[in-house]
Amino acid sequence: MDARLHPTSVLGINLGEAHIIRNAGGRAQDALRSIIISQRLLGTREILIIHHTDCGMLTFNDFELRLKLNKETNEIVDHLSFLPFDDLRQSIIDDIKILQSNPLILDVPITGYIYNVKNGSIEKVE
Ligand SMILES: [Zn+2]
């Protein structure tokens, strides 16, 4: 979701070559619906997960955001997880595992990367 990351430029891909699913934190769980459609109906056979440095998801937790929403809207949103994380590298490893263990996701190459918003570099997470 971050405006400092433009996946087509970062990865050198052209229009029509990839499905790009964006959300806050680049979380796999939040992208499941789109990934399933991409694989099962449109033939995608590889998944790259890209999170980035200086991510806003590192700056809050579910409790704080639920409290803020409750104060601002009077709604109770305890059933919602906003999927924040406190370890960037681990968040990617976790997302890879979530996809690999989901029976609805095809057994395809799934790799994870950290995009550095300061210098534009991209590092594979092993
Ligand atoms: Zn982010």
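Atoms considered below: every heavy atom in the structure, side chains included; atoms not considered: hydrogens, waters and symmetry mates. In each ligand, atom 1 is the first atom listed, and ligand 1 is the first ligand listed. Along the sequence shown, the residues carry numbers beginning at 1. What you see is a predicted model; the values in this text were computed from it and never measured.
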Which residues pass the salt bridge (charged side-chain N to carboxylate O under 4.0 Å, His left out) test with D62, not counting sequence neighbours? R66

Taking 2.8 Å as the distance threshold, tell me the number of protein N/O/S atoms next to the Zn ion (ligand 1). 2

Donor-acceptor under 3.5 Å (T53 side chain, V117 main chain): yes

Please identify each residue that fulfils side-chain hydrogen bond (donor to acceptor under 3.5 Å, both in side chains) with N119, with sequence neighbours left out. S121

Test: salt bridge (Lys or Arg N to Asp or Glu O under 4.0 Å). Region: residues 116-126. Which pairs qualify, not counting sequence neighbours? R89-E123

Do E72 and K68 sit within salt-bridge range, that is, some charged N less than 4.0 Å from a carboxylate O? yes

Could you walk me through whether H51 and Y113 pass the ring pair (Phe, Tyr, Trp, His ring centres under 6.0 Å) check? CA-CA 6 Å; H51 294 186; Y113 300 86; over 10 Å; no

